[in-house]
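The block underneath contains the structure these notes are about, expressed in structure tokens.
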Amino acid sequence: MPELPEVEVVRRGLDQWVTGRTVATVDVLHPRAVRRHLAGAADFSAALTGRTITAACRRGKYLWLPLDSGDAVLAHLGMSGQLLVQPAETPDETHLRIRVTFRDGGSELRFVDQRTFGGLSYEIDGAQLPAPISHIARDPMDKEFDDAAFVAAVRRRKTALKRALLDQSLVSGIGNIYADEALWRAKLHGLRPTETMRRPELARLLTAVRGVLGDALGAGGTSFDSLYVNVNGESGFFDRSLDVYGRRDQPCHRCGTPIRRDPFMNRSSYTCPHCQPRPRRART
DNA sequence: CGCGCCTCCTGTGTGC
DNA sequence: TGCACACAGGAGGCGC
């Protein structure tokens, strides 16, 4: 659920509030929150204790905190995860999973997650790029993102265009919300077979993706859902700017045609049937 | 090997 | 009022 803009908002908060601080204690309150750390919760806590956080990095929807040891703490928010920087006296959140305290005695870092799809792990030698996310592509806002390579890769695929947008090994940071928003801006339908995409259409799509991600980041992220918050627990307000997502039966902001919702990949796709006509040869 | 379906999880909203 | 169920969905894993 949190996509690139929301995760980047969190990264900036972490960079501001936890970089340079040394870990005093680590309490894992729910084992599922460290299930990707195969050595277990006790090992996670022991490994992190005493380490100093040297930065806050992001690739796609993943965050990691490089450590003075050359290792890193890797985090994924899943659908409902939050990384909060809270004063120690703040009451525990209902779904508090992990608490990290620091030697300076200041604010705590808390991992809160209602639906427990997210989690943290300790990655040895992960400071540069943790091994479990080496397959994640750069995001389209990254200076090193290769437009031509992306266009070529999409055209080699045999899948639906929206599936390609959601494939984090092709382009990262895009989830269901911004995929629909970008397709609407580019006037493309998500069921277009990728091998039929023309290069200018994909260039237009990349422009649309960058536009919607940039706008959302400027607004501090989307939050029609109170689960998306920065490290201070505050929501963004990009939901006011959404053009199609969640707007079933409401008029298209370009042409007034009612937006339609269709099932897609066990979730939803929102399109304007006039601006984004369904392709004759749709690929599901 | 590429593609696509399934599953993990819990709180909220809706209809009967 | 209460119950049942749909829905939200990122991404690893697995089957075809």
Side-chain angles (χ1 to χ4, degrees), chain A residues 1-8 10-11 29-38 58-64 74-83 93-98 111-121 123 130-137 139 152-183 190-197 213 216 221-229 235 238-239 242 244-249 260-270 281-284:
Chain A
M1 205 93 115
E3 305 180 30
L4 185 154
E6 294 76 35
V7 178
E8 175 60 18
V10 172
R11 188 201 67 76
L29 306 173
H30 195 304
R32 199 175 145 74
V34 291
R35 68 190 179 286
R36 291 195 187 86
H37 186 82
L38 300 180
R58 178 184 63 76
R59 174 160 297 197
K61 304 169 194 172
Y62 282 90
L63 292 164
W64 75 96
L74 179 63
H76 195 286
L77 302 179
M79 288 176 52
S80 55
Q82 304 173 337
L83 281 166
E93 293 77 5
T94 305
H95 302 292
L96 178 63
R97 309 302 191 193
I98 298 173
F111 179 67
V112 176
D113 192 10
Q114 175 196 98
R115 284 170 236 181
T116 71
F117 277 31
L120 273 55
S121 60
E123 302 296 336
I133 62 169
S134 60
H135 67 290
I136 302 291
D139 69 66
V154 169
R155 284 158 52 89
R156 276 197 303 270
R157 287 292 178 100
K158 288 187 179 298
T159 189
L161 181 58
K162 183 170 171 183
R163 286 184 187 276
L165 270 187
L166 296 174
D167 184 338
Q168 305 297 302
S169 69
L170 274 177
V171 54
S172 70
I174 305 168
N176 201 42
I177 298 172
Y178 296 121
D180 279 1
E181 292 297 311
L183 288 164
L191 296 185
R192 273 282 295 278
T194 43
E195 68 271 29
T196 71
M197 295 302 299
L213 294 178
T222 290
S223 73
F224 52 87
D225 192 322
S226 59
L227 291 173
Y228 308 161
V229 294
S235 290
F238 186 70
D239 51 310
L242 293 175
V244 280
Y245 185 85
R247 297 192 62 243
R248 164 145 71 160
D249 296 335
R260 62 178 286 166
R261 173 196 176 275
D262 294 292
F264 178 73
M265 293 173 74
N266 287 330
R267 36 193 71 100
S268 299
S269 282
Y270 296 90
R281 299 189 304 112
R283 188 189 291 277
T284 57

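In what follows, chains carry the letters A, B, and so on, assigned in the order in which the sequence lines appear, proteins first and then strands, with residues in each chain numbered from 1.
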ask   = Rounded to whole angstrom units, what separation is found between the CZ atom of A:R283 and the P atom of B:dG2?
value = 15 Å
ask   = Would you say A:S268 reaches C:dA8's phosphate, i.e. side-chain N/O to OP1/OP2 under 4.0 Å?
value = yes
key: Residue from A:I133, A:I136, A:L4 passing side chain to side chain contact (heavy atoms under 4.5 Å, CB included) with A:S172   = A:I136
ask   = Once you round it to whole Å, what is the distance between P of B:dC3 and CZ of A:F264?
value = 14 Å
Gap between atoms CD1 and P, on A:I177 and C:dA8 respectively (whole Å) = 11 Å
request  = Round to the nearest Å and state the distance from A:N176 atom CG to C:dG10 atom C1'.
outcome  = 10 Å
ask   = Between A:E93 (CD) and B:dT10 (P), how many Å, whole number?
value = 18 Å
note = From the list A:E181, A:K162, A:E3, side chain to side chain donor-acceptor pair (under 3.5 Å) partner of A:N176 resolves to A:K162
key: Whole angstrom value for the distance that separates P of B:dC5 from CG of A:D167   = 14 Å
message = If you apply the rule side-chain contact (heavy atoms from CB on, under 4.5 Å), what do you find for A:S269 with A:D180, and how did you get there?
response = CA-CA 7 Å; A:S269 282; A:D180 279 1; 4.0 Å; yes
query = When the C1' atoms of the five terminal pairs at each end define the local axes, what inter-axis angle does the helix from B:dG2-C:dC16 to B:dC16-C:dG2 show, to 10 degrees?
reply = 50°
remark   = B/S/- along nucleotides 11-16 of chain C (protein heavy atoms under 4.0 Å) is BS----
task = Report the nucleotide, chosen from B:dC8, B:dT10, B:dG4, that has the shortest atom-to-atom distance to any side-chain atom of A:R115.
result = B:dT10
query = Of the non-hydrogen atoms in A:R58 and A:W64, which two are nearest, and what is the gap between them?
reply = C-CZ3, 3.6 Å
inquiry  = So, applying side chain to side chain contact (heavy atoms under 4.5 Å, CB included) with A:V154, which one of A:T159, A:T194, A:V171 is it?
reply    = A:T194
ask   = Between C:dG10 atom P and A:L77 atom CG, what is the distance in whole Å?
value = 12 Å
key: Upstream residue (5' side of DNA chain B) when A:N266 and A:T94 are each assigned their closest nucleotide   = A:N266
ask   = What pair of heavy atoms forms the shortest contact from A:G173 to A:K61, and how long is it?
value = C-CE, 3.7 Å
note = Here the gap from A:H135 atom NE2 to A:R59 atom CZ, rounded to the nearest 0.5 Å, amounts to 10.5 Å
Length of the line joining A:M265:CE and B:dC5:P, which is rounded to integer Å = 8 Å
request  = Identify whether any heavy atom of A:R35 sits under 4.0 Å from a base atom; if not, whether one sits that close to sugar-phosphate; answer base, sugar-phosphate or nothing.
outcome  = nothing
Closest nucleotide among B:dT10, B:dG4, B:dC8 to the A:T159 side chain = B:dG4
remark   = A:E3 has its side chain closest, among B:dT10, C:dA8, C:dG10, to C:dG10
message = Please determine whether a side-chain nitrogen or oxygen atom of A:R163 lies at a distance below 4.0 Å from atom OP1 or OP2 of B:dC5.
response = yes
request  = Report the C-alpha separation of A:R281 and A:T196 in whole Å, then their side-chain angles, then the decisive distance to 0.1 Å, and conclude whether the side-chain contact (heavy atoms from CB on, under 4.5 Å) test is met.
outcome  = CA-CA 10 Å; A:R281 299 189 304 112; A:T196 71; 3.6 Å; yes
ask   = What closest approach, in Å, do A:L166 and A:I174 show between heavy atoms, and which atom pair accounts for it?
value = CD2-O, 3.8 Å
task = Supply the atom-to-atom distance A:F117 CZ to A:Q114 CD, rounded to the nearest 0.5 angstrom.
result = 10.5 Å
